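Single-structure report; data block below.
Letters A, B, ... are given to chains in the order of the sequence lines, protein chains preceding strands, and every chain is numbered from 1. Everything numeric in this text was worked out from a predicted model, so none of it was measured.
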Number of protein chains: 2
Amino acid sequence: MKVTGDQALVKKINKSIVLHTIRKHSPISRAKVSEMTGLNKATVSNLVAELCNEQLVTEAGPGISSGGRKPLILHFNSMAGSVVGIELGVKQITAVLCDLGGGILEEIHRPLDNHQLPHVLGEMKGMIASLIATAPNTPYGIVGIGAGVPGMVDENGVVLFAPNLGWEMVELRALLEKEFGVPVTVDNEANAGAQGELNFGVARDIRHLLYISAGAGIGSGIIIGGELYKGARGYAGETGHMSIEADGQPCSCGNRGCWELYASEKTYDQPDLHLPARTTPELVRYAEIGQEDALRHFNVMGEALGIGLTNVINSFNPELIVIGGTLSVARDWLIEPLQRVVAERTLPYHKQQLQIIFSELGSRGAMIGAAFAAVMHFLGDTRVTL
Amino acid sequence: MKVTGDQALVKKINKSIVLHTIRKHSPISRAKVSEMTGLNKATVSNLVAELCNEQLVTEAGPGISSGGRKPLILHFNSMAGSVVGIELGVKQITAVLCDLGGGILEEIHRPLDNHQLPHVLGEMKGMIASLIATAPNTPYGIVGIGAGVPGMVDENGVVLFAPNLGWEMVELRALLEKEFGVPVTVDNEANAGAQGELNFGVARDIRHLLYISAGAGIGSGIIIGGELYKGARGYAGETGHMSIEADGQPCSCGNRGCWELYASEKTYDQPDLHLPARTTPELVRYAEIGQEDALRHFNVMGEALGIGLTNVINSFNPELIVIGGTLSVARDWLIEPLQRVVAERTLPYHKQQLQIIFSELGSRGAMIGAAFAAVMHFLGDTRVTL
DNA sequence: CAGACTTTGTATATTGGTTAAACAAAGTTT
DNA sequence: AAACTTTGTTTAACCAATATACAAAGTCTG
């Protein structure tokens, strides 16, 4: 949105800068904040006073002197409120209660076998309610709910299309906001995962990140300039339906030879394929004991992942690629063929700085990212571009 | 860059808003600017006075009353200075002298057959110098030079890699700035084309645009949120080297089955292919008289373009795709197979709003976009995001 | 056609946030 | 013990936007 400048805006910008500086670097002194941001000491003092009043920042006594007066240590008050993050998967729902710093207070799982909207919604509401019930007593209470879903989501939190759930046009945000009366953010599961990795995972402070969520399908979350990119109608990143074989197998999406037919858990569905099991965790166990079919299949999938990744690298040119999702537990068997194919196929200049790593948050990244989106919505963020 | 807020920033923001509002909507009155921007009338008056002093805005007498005092009409002063835009192609160099409004004052072409750096640089310098010599007498004179090149460019204006020219690590910006003593912006030709279409072509005011430059290869310029997106090191958009055939022909880039092997002028190089000619303009002439080999080949290329486009649509989800470059003159024979394939293959939700059109600026888009980049560099742009 | 109303643009006093500079507080170094 | 450092606050000044009043120049209406 285009905004004009006035003093209120200036204050908003600076307050946002101070708050997020403290959030990212606490414990920190006012002097240090002033130095880092370039803001005058007096300005920082005033804004910190307001933030303390609002209980978003707390003062925690004197720190260690570095040759002069002792600094007064400031902390971001993670306990000013809490949020719920919930990830709707195809086979399960997972949810967390987080503080404002992304710290997990409570985590619950529930298997899911029925994808009917009323049932799923009932489960979600039940889980959220039980997490809210366990929430600690905080100044702001529950300040928001963030959800990650395996499908396309528009800017109003409507799930446009979730093929793996059989959903279309589900107004998830409205439904949850009505139920709980707090702001709800709904996002694609891969987008949420990207946010999770960016803020709490292996991708901290990366400017251009590509997060690949490989599981029942393949989705991707795109971070550009430190911010989540969503396409024209809010659902970019359906890279799983990028064709890597122009005349390949037909896909349910209408295209042919889609990446996720070769590099996701959908490969397990091929009936003529020799496999000792049809789920990733089981196949991992077989691979661990050296079962040949499992090893061979992971090798094939790793190569297929690499082929699709190359395409994304050549058009997106990210600094870092993080691979998450349920398939990421097979890291040890996928990474070698994957990196080999990428190294063979990418443009020489891309190889120099690109890193490909697997997620540490695993499948929890999306849930944490969803929670974080809710936190950021609460805290706000105002910035200037030149 | 992260910037703190103070009154100077406020003024900069508002002045930028006023200037660009006048630039885009002139002729316009102060009152109208105030209404459009939300800025106070007095604020607008003050800032306009400064812009008039700086000769960036001119007052052009009274306009037509709408029931009260006549407005004083303001114009953006396109003639406050001029810029040179130059596009380095594989077979030719084209350059323009533009005013600050993107109006073409002078345009020159020169064929190119020798890609040796000293020769190319000499040609470019000669063309720029001759355009500068014809520049009208303006308050600011030549305020910048913008160049579009067929290769990867980093943020310092270094041409990292231009396979079709055989260039590597050419410090084009530094070389030109040293010669002419004005700011130089260097950009990938597809990025420049995207800027051209966004500001002066068929894509005005589109937020998420994908510009495909199809010619000797395929490049793409990506506009996200109204701004040019460049990857981690400034050279995203090499979509031509996206594989659409995992085990296809090997490409000079190291990958296999690259899109541009099937959908660019590179297809003409296949020796076993029956074609009446090996350049796009000639083939177009054959197609016009119904020559079958030409028609068939354009059909095949159109389909191949559609296959690659589908991939980009599924991962980028743009609002609009503009196809430019030298291949765009074959529009009439490419568009049907292209749109057919895209319609067959894209996800249902993508079809709803996506438009695919061919450029009107044709191959001049890149040159105009390069000139525009130089203009924007001169005028500056400060904005706030919430 | 005269008075009322509209629209455009400017002048004036007020507001409010940042800032530099002085200052106070609390430490370390020599 | 005196000098220096570092941290944080107080004070006065500054300056851009703003609301308000006002001036200028038109149209509309009975």
Side-chain angles (χ1 to χ4, degrees), chain A residues 2-19 21-22 25-53 57-75 382 384, chain B residues 2-19 21-22 25-53 57-75 382 384:
Chain A
K2 202 159 193 172
V3 180
T4 61
D6 63 358
Q7 302 211 45
L9 175 73
V10 168
K11 187 168 186 178
K12 210 165 161 186
I13 293 169
N14 291 342
K15 199 166 171 180
S16 175
I17 292 173
V18 169
L19 174 59
T21 303
I22 295 172
H25 300 95
S26 67
I28 188 172
S29 68
R30 288 168 177 79
K32 194 89 190 167
V33 172
S34 167
E35 189 191 323
M36 285 183 72
T37 60
L39 289 167
N40 189 282
K41 289 189 294 177
T43 308
V44 172
S45 256
N46 285 331
L47 295 174
V48 166
E50 286 189 23
L51 291 168
C52 284
N53 271 341
V57 168
T58 51
E59 196 167 276
I64 318 149
S65 162
S66 63
R69 170 175 165 180
K70 285 183 184 169
L72 289 170
I73 298 299
L74 301 173
H75 283 275
T382 308
V384 180
Chain B
K2 202 160 193 172
V3 180
T4 61
D6 62 359
Q7 301 208 11
L9 175 73
V10 169
K11 189 167 185 177
K12 210 166 161 186
I13 293 169
N14 290 342
K15 199 166 171 180
S16 174
I17 292 174
V18 169
L19 174 60
T21 302
I22 295 172
H25 300 96
S26 66
I28 189 172
S29 69
R30 289 169 177 81
K32 194 88 189 167
V33 172
S34 167
E35 189 191 322
M36 287 184 71
T37 59
L39 288 166
N40 190 281
K41 289 189 295 176
T43 308
V44 172
S45 255
N46 285 330
L47 294 174
V48 165
E50 286 189 23
L51 291 168
C52 284
N53 271 341
V57 168
T58 51
E59 198 167 275
I64 318 151
S65 163
S66 63
R69 171 175 165 181
K70 285 183 184 169
L72 288 170
I73 297 299
L74 301 173
H75 283 275
T382 309
V384 180

Checking D:dA17, D:dT6, D:dA16 against the side chain of A:S66 (C-beta onward), the nearest is D:dT6
Rounded to the nearest angstrom, tell me the gap between atom CG in B:L72 and atom C1' in C:dT7.
12 Å
Need one value for B:S29: base, sugar-phosphate or nothing, where a base atom within 4.0 Å counts as base even if backbone is also close, heavy atoms only.
sugar-phosphate
Nearest to the side chain of A:Q7, heavy atoms from C-beta on, is which of C:dA11, C:dG27, C:dG17?
C:dG17
For the side chain of B:S16 and the backbone of B:T382, is there at least one donor-acceptor N/O pair under 3.5 Å apart?
yes
I'd like to know if A:R69 reaches the base of D:dT7 with its side chain such that a donor and an acceptor end up less than 3.5 angstrom apart.
yes
Taking the minimum atom-to-atom distance to the side chain of A:A42, which one of D:dT18, D:dT10, C:dT18 wins?
D:dT10
To the nearest Å, give me how far apart CG (B:L47) and C1' (D:dT18) are.
13 Å
When the distance from CD1 of A:I64 to P of C:dA26 is rounded to whole Å, what number comes out?
19 Å
Determine the contact category for B:S65: base if any of its heavy atoms lies under 4.0 Å from a base atom, sugar-phosphate if only primed atoms, P, OP1 or OP2 are that close, otherwise nothing.
sugar-phosphate
Going by modelled atom types, is there a donor-acceptor pair between the base of D:dG8 and the side chain of A:K41 at under 3.5 Å?
yes
Tightest non-hydrogen contact, residues A:M36 and A:T21, listed as SD-CG2, 4.2 Å
Heavy-atom side-chain proximity of A:V10 to B:Q7 below 4.5 angstrom:
no
Separation of C:dT19 C1' from B:K11 NZ (nearest whole Å):
17 Å
Nearest-nucleotide comparison on DNA chain C, the residue closer to the 5′ end among A:N46 and A:G67
A:N46
A:L74 and A:I22: which non-hydrogen atoms are nearest, and at how many Å?
CD1-CD1, 4.1 Å
Measure from the side chain of B:T43, starting at C-beta and using heavy atoms only, and say which of D:dA17, C:dT18, C:dT19 lies closest.
D:dA17
Roughly how many Å is it from CG in B:N40 to P in D:dA21, rounded to a whole number?
14 Å
Euclidean distance, atom NZ of residue B:K70 to atom P of D:dT27 [Å, nearest integer]
7 Å
In this structure, how many angstroms lie between the P atom of D:dT18 and the CD1 atom of B:I13, rounded?
12 Å
How would you label the contact of B:A31 with the nucleic acid (heavy atoms, under 4.0 Å): base, sugar-phosphate, or nothing?
sugar-phosphate
Rounded off to whole Å, could you give me the CD-to-C1' distance for the B:E35 and C:dG9 pair?
15 Å
D:dA16 base / B:N14 side chain donor-acceptor hit below 3.5 Å:
no
Quick one: are B:V57 and B:L19 in side-chain contact, heavy atoms under 4.5 Å?
yes
